Structures are given as C-alpha cells and as structure tokens.
Amino acid sequence: MSFKIFVIDDDPVMSEMIQDFLRKRYDHVQIFLFGTGEEAMTELYRKPEVIILDYHLDSLEANATNGIIILRRIKELLPNVPVLFLSSHENPDVAADTIRYGAYDYIVKNETAFQRMEIMINNATGHLSIKSKLKNQKAFNLVLIILLTAMVLGFFIIMLL
C-alpha cells in the first residue's frame with residue numbers, strides 16, 4: 001500500500017527517528033518532514049493519508065504555532081485525515097483537548113510510542129481503505145439499480161406492444 005505521511009515535529013532527531021521507523025515498517029510510504037506547522041500547512045495540497053503532529057513546535061522558531069492550533073487548521077481543511085498527536089506532554093488536559101479538536105489518537109513519547117504509533121497508523125489506514133471500498137460499493141449498487149430499473153421498464157414496454 002502506497003501512502004503519504006506528514007511528520008510535523010520541531011525536533012530533527014525525533015523526526016529522523018520517526019522517519020526511519022516508518023520506512024522500516026511500510027514499503028511504499030512517502031514521508032514528508034516539517035519543523036513547523038506553518039510549513040506543513042503549505043503542503044496540505046499533497047493530501048497525506050496520516051499526519052503525525054507534535055504539541056510544542058517552537059524550538060526552531062520561537063513564534064511557531066502550537067500543535068493544537070495546527071490540528072484545528074488541518075481539520076478545517078482535511079477533516080477526514082487522521083492526525084496522531086505524538087507529544088512528551090503527559091498532561092491529561094492536553095490529551096483531551098487534542099481528541100476534542102479531532103486528533104485520531106494522543107501518543108505520549110515514551111518507550112512504547114512507536115509501537116502504538118504503528119498500531120494507530122494501521123487502524124487509520126484500514127478505516128480509510130474500508131471507507132473507500134464502501135464508496136465504490138455504493139456506486140456499483142447505484143449502477144445495478146439503474147440497470148435493473150431499465151430492464152423492468154423495458155420488459156413492461158415490450159409487454160404493452
């Protein structure tokens with residue numbers, strides 16, 4: 001499966017670790033790294049399938065917008081794209097805020113973070129795949145209904161002649 005993942009984290013070491021982990025786990029993944037949310041926002045036209053977002057994004061640029069505000073902006077433009085919050089904050093209020101504003105999950109940066117991130121990416125991309133298949137099935141069902149209706153109408157027209 002080929003898909004795009006945005007990683008928005010101001011820590012270049014963490015971004016590289018995430019990128020290395022994802023490349024080992026997924027064969028056909030395109031990974032885009034961003035040090036600020038503002039940078040990522042200009043690239044949303046690429047339509048990522050998953051976004052991994054940090055909370056504090058101000059170590060490279062002191063006036064950079066924090067992750068919650070970026071999350072809200074992303075959800076305005078791409079409401080169906082799963083956003084995984086990956087943060088060192090263990091504050092339940094921060095976690096609750098991210099979920100309230102549309103994050104798919106909140107993952108604390110600790111020894112199990114990458115395993116949980118992989119599970120959440122698999123879940124998120126699985127949900128997207130199911131939604132796509134359902135959309136295709138609905139279109140197919142509509143075509144079948146139209147054809148069946150045309151056949152029934154044709155049959156009645158022939159019977160009347």
Side-chain angles (χ1 to χ4, degrees), residues 1-140:
M1 166 175 45
S2 178
F3 57 97
K4 294 181 279 287
I5 296 179
F6 278 18
V7 177
I8 308 168
D9 196 318
D10 61 337
D11 180 351
V13 174
M14 178 56 81
S15 292
E16 286 296 321
M17 288 171 54
I18 293 169
Q19 178 173 280
D20 291 346
F21 178 81
L22 294 173
R23 288 200 192 283
K24 289 177 185 170
R25 294 293 193 268
Y26 303 101
D27 292 334
H28 303 292
V29 66
Q30 290 181 295
I31 302 165
F32 299 85
L33 303 178
F34 304 99
T36 67
E38 289 84 358
E39 289 174 15
M41 294 301 295
T42 65
E43 298 292 319
L44 286 181
Y45 70 90
R46 294 181 186 273
K47 306 250 191 235
E49 278 76 21
V50 175
I51 298 173
I52 299 169
L53 176 61
D54 187 22
Y55 178 77
H56 284 294
L57 297 170
D58 59 358
S59 71
L60 298 176
E61 292 185 25
N63 61 346
T65 306
N66 75 36
I68 289 181
I69 294 171
I70 295 299
L71 170 67
R72 292 174 76 177
R73 290 179 184 167
I74 290 169
K75 287 301 182 176
E76 288 173 4
L77 299 170
L78 300 174
N80 296 321
V81 173
V83 178
L84 302 177
F85 235 90
L86 185 64
S87 181
S88 57
H89 271 288
E90 294 189 43
N91 182 336
D93 293 334
V94 172
D97 282 346
T98 64
I99 300 301
R100 182 168 14 118
Y101 293 122
Y104 189 79
D105 195 16
Y106 185 88
I107 302 169
V108 176
K109 292 179 183 175
N110 60 25
E111 63 278 349
T112 63
F114 283 22
Q115 293 166 338
R116 184 158 175 195
M117 182 175 58
E118 181 180 15
I119 291 167
M120 290 300 110
I121 289 170
N122 291 343
N123 288 348
T125 56
H127 290 149
L128 295 174
S129 174
I130 289 169
K131 284 181 181 179
S132 175
K133 288 177 183 175
L134 284 173
K135 185 177 178 182
N136 291 340
Q137 185 64 46
K138 285 180 182 178
F140 180 72

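What you are looking at is a predicted structure, and each value in this text was computed from that prediction instead of being measured.
Between the side chains of D97 and Y106, no donor-acceptor pair of N or O atoms lies under 3.5 Å.
Residues T36 and M41 are not in side-chain contact: their nearest non-hydrogen atoms beyond the backbone lie 4.5 Å or more apart. Looking at M14 and D54, their side chains never come closer than 4.5 Å, going by heavy atoms from C-beta outward. The shortest side-chain heavy-atom distance between I121 and V29 does not fall under the 4.5 Å cut-off. Residues L53 and T98 fail the side-chain proximity criterion, which asks for heavy atoms closer than 4.5 Å.
The two residues V81 and K75 make their nearest non-hydrogen contact at O-NZ, 2.7 Å. The heavy-atom pair separating R46 from F6 by the smallest distance is CB-CZ, 4.1 Å. When all heavy atoms of L57 and D10 are compared, the closest pair comes out as C-OD2, 3.5 Å. Taking every heavy atom of both residues into account, E38 and I70 meet most closely at N-CD1, 4.1 Å.
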Derivation and outcome, salt bridge (Lys or Arg N to Asp or Glu O under 4.0 Å), residues K109 and D9: CA-CA 12 Å; K109 292 179 183 175; D9 196 318; 3.1 Å; yes
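For Q30, the side chain to side chain contact (heavy atoms under 4.5 Å, CB included) criterion is met by K4, F32, not counting sequence neighbours. Here F21 pairs with F114 under the ring-ring contact (aromatic ring centres under 6.0 Å, His included) rule; sequence neighbours left out. For R23, the salt bridge (charged side-chain N to carboxylate O under 4.0 Å, His left out) criterion is met by no residue, not counting sequence neighbours.
Between the T112 side chain and the Q115 main chain, no donor and acceptor come within less than 3.5 Å of each other.
For CD of E90, the number of neighbouring non-hydrogen atoms (other residues, nucleotides, ligands) closer than 6.0 Å is 12 at most. Heavy atoms from other residues, nucleotides or ligands lying under 6.0 Å from CZ of R72 number 12 at most.
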